[in-house]
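In what follows, a structure is listed as structure tokens, so that the remarks can point back to it.
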Amino acid sequence: AQAAVKPKVERFAPYTYDALAVSFYQSPRWLDSKRSTQQTYRNIIERFRARNGHKDVRRVTTENVERKLTSMRDTPAAANNLRKVLARLHRHAIKLGWRTDNPVEATDAFRTGKGFHAWTEAELDAFDSQWPFGTRERLAKELLLATALRKSDILLVGPANRIGDDLILHHSKNDSGTHVPMGPDLLEALRTFPGGHT
């Protein structure tokens, strides 16, 4: 009988980003993360490793990190995501005893926009005039105002979330829940929307 073939174990030079990433992927923090979070972070880590995997984690300075982030100024959101991931990797390096500091902490994130405009009372009134009770748009506006949910979460709200005049909501980003009493405008939007009960 032939001996079973053992799976190949990735081995990298000690103290490199390659070795750090492999260790990070086995850490409790990583293993407890949501699959979607793991996929997002892994994509960023692996792109970084492709060019920097051989580099010694102990020798990286804040200046090195700042230079890398500055080179990405044309894609500020990507730079900020890399900054977040590198901060976590370097915190892991501290836990391993490879570093005593985190070179990412002194760097600054890019501003990625001016935020979202908050509607004025006049703008809300104009919207309500255009989209009266009974329309899908009015129901969407009342749900969004009442719950402040993210788009990805609001799309999942339905009859199962309603208990009497209350909504029991789930927030996917931090896996938490919220209990929201429905006000008169949301109740009216649900009552008047055709099929609003579903």
Side-chain angles (χ1 to χ4, degrees), residues 29-48 65-66 68-89 91 104-198:
R29 177 160 191 176
W30 177 264
L31 296 173
D32 287 344
S33 298
K34 289 184 184 177
R35 187 173 297 266
S36 59
T37 301
Q38 288 181 354
Q39 187 60 51
T40 299
Y41 277 42
R42 188 183 290 272
N43 288 341
I44 297 167
I45 291 169
E46 293 306 313
R47 278 195 302 273
F48 179 78
V65 176
E66 187 76 28
K68 173 62 180 166
L69 297 175
T70 300
S71 75
M72 299 173 69
R73 67 182 162 274
D74 292 337
T75 54
N80 289 343
N81 287 335
L82 176 61
R83 181 179 180 272
K84 187 187 303 183
V85 168
L86 288 177
R88 288 196 180 179
L89 281 174
R91 279 196 293 274
V104 182
E105 286 179 357
T107 64
D108 295 317
F110 284 100
R111 284 189 170 183
T112 55
K114 297 178 181 175
F116 294 100
H117 167 70
W119 283 11
T120 65
E121 290 298 321
E123 289 169 325
L124 288 169
D125 289 344
F127 185 92
D128 292 350
S129 294
Q130 177 70 32
W131 304 108
F133 287 113
T135 62
R136 179 186 62 206
E137 290 81 1
R138 182 63 173 268
L139 175 58
K141 173 232 168 190
E142 299 301 341
L143 275 168
L144 287 163
L145 278 180
T147 64
L149 285 174
R150 293 173 180 81
K151 180 181 175 185
S152 60
D153 290 331
I154 198 73
L155 294 173
L156 302 176
V157 173
N161 297 94
R162 185 175 182 176
I163 298 176
D165 287 347
D166 295 335
L167 288 176
I168 309 302
L169 306 171
H170 181 259
H171 306 275
S172 59
K173 186 170 179 82
N174 56 12
D175 198 23
S176 65
T178 305
H179 175 97
V180 177
M182 291 191 283
D185 288 342
L186 178 53
L187 288 168
E188 182 66 8
L190 286 168
R191 186 187 70 75
T192 58
F193 183 67
H197 61 287
T198 59

Discussion item. Please determine whether side chain to side chain contact (heavy atoms under 4.5 Å, CB included) holds for the pair Arg29 and Arg91, giving the CA-CA distance in whole Å, both sets of side-chain angles, and the decisive distance to 0.1 Å.
Written reply: CA-CA 11 Å; Arg29 177 160 191 176; Arg91 279 196 293 274; 4.1 Å; yes
Discussion item. Using the rule given for side chain to side chain contact (heavy atoms under 4.5 Å, CB included), can you reason through Leu144 versus Leu149, listing the C-alpha separation, both sets of side-chain angles and the distance that settles it, and then say yes or no?
Written reply: CA-CA 6 Å; Leu144 287 163; Leu149 285 174; 5.6 Å; no
Discussion item. Set out, in order, the CA-CA distance, both residues' side-chain angles and the distance that settles side chain to side chain contact (heavy atoms under 4.5 Å, CB included) for Asn81 and Thr40, then state yes or no.
Written reply: CA-CA 9 Å; Asn81 287 335; Thr40 299; over 6 Å; no
Fill in: Intermediate values then yes/no, side chain to side chain contact (heavy atoms under 4.5 Å, CB included), Lys84 and Val104
CA-CA 8 Å; Lys84 187 187 303 183; Val104 182; over 6 Å; no
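Across Gly134 and Pro194, no two heavy atoms sit closer than the pair O-CD, 3.3 Å. Heavy atoms only, all atoms of each residue included: Phe110 and Thr70 are closest at CZ-CA, 4.2 Å. Scanning both residues, Leu139 and Phe193, for their nearest heavy atoms gives CD2-CD2, 3.7 Å.
For Arg42, the side chain to side chain contact (heavy atoms under 4.5 Å, CB included) partners two or more places apart in sequence, or in a different chain, are Tyr25, Trp30, Glu46. With sequence neighbours excluded, the residues that form a ring pair (Phe, Tyr, Trp, His ring centres under 6.0 Å) with Phe48 are Tyr17. With sequence neighbours excluded, the residues satisfying salt bridge (Lys or Arg N to Asp or Glu O under 4.0 Å) with Lys141 are Asp128.
The line from CZ of Arg162 to CG of Leu167 is 7.5 Å long, rounded to the nearest 0.5 Å. Note: Phe133 CZ to Leu186 CG = 9.0 Å, rounded to the nearest 0.5 Å. Annotation: the span from Thr178 atom OG1 to Asn161 atom CG amounts to 11.0 Å, rounded to 0.5 Å. Distance check, rounded to the nearest 0.5 Å: CG of Leu82 to CE of Met72 gives 5.0 Å. For the atom pair Arg138 CZ and Thr192 OG1, the distance stands at 8.0 Å (nearest 0.5 Å). In this structure, Asn80 CG and Arg111 CZ are separated by 12.0 Å, a value rounded to the nearest 0.5 Å.
Of the options Asp153, Thr147, Leu156, a side-chain contact (heavy atoms from CB on, under 4.5 Å) to Leu169 is made by Thr147 and by none of the others.
Leu143 is listed as a side-chain neighbour of Ile154, based on a closest heavy-atom distance under 4.5 Å. With a 4.5 Å cut-off on side-chain heavy atoms, Tyr41 and Arg88 count as touching. Contact of the His117 side chain with the Glu123 side chain is registered, since non-hydrogen atoms from C-beta on lie closer than 4.5 Å. Proximity of Leu190 to Met182: side-chain heavy atoms (C-beta onward) are separated by under 4.5 Å at one or more points.
Arg83 places a side-chain N or O within 3.5 Å of a backbone atom of Thr107 that can act as its donor or acceptor partner.
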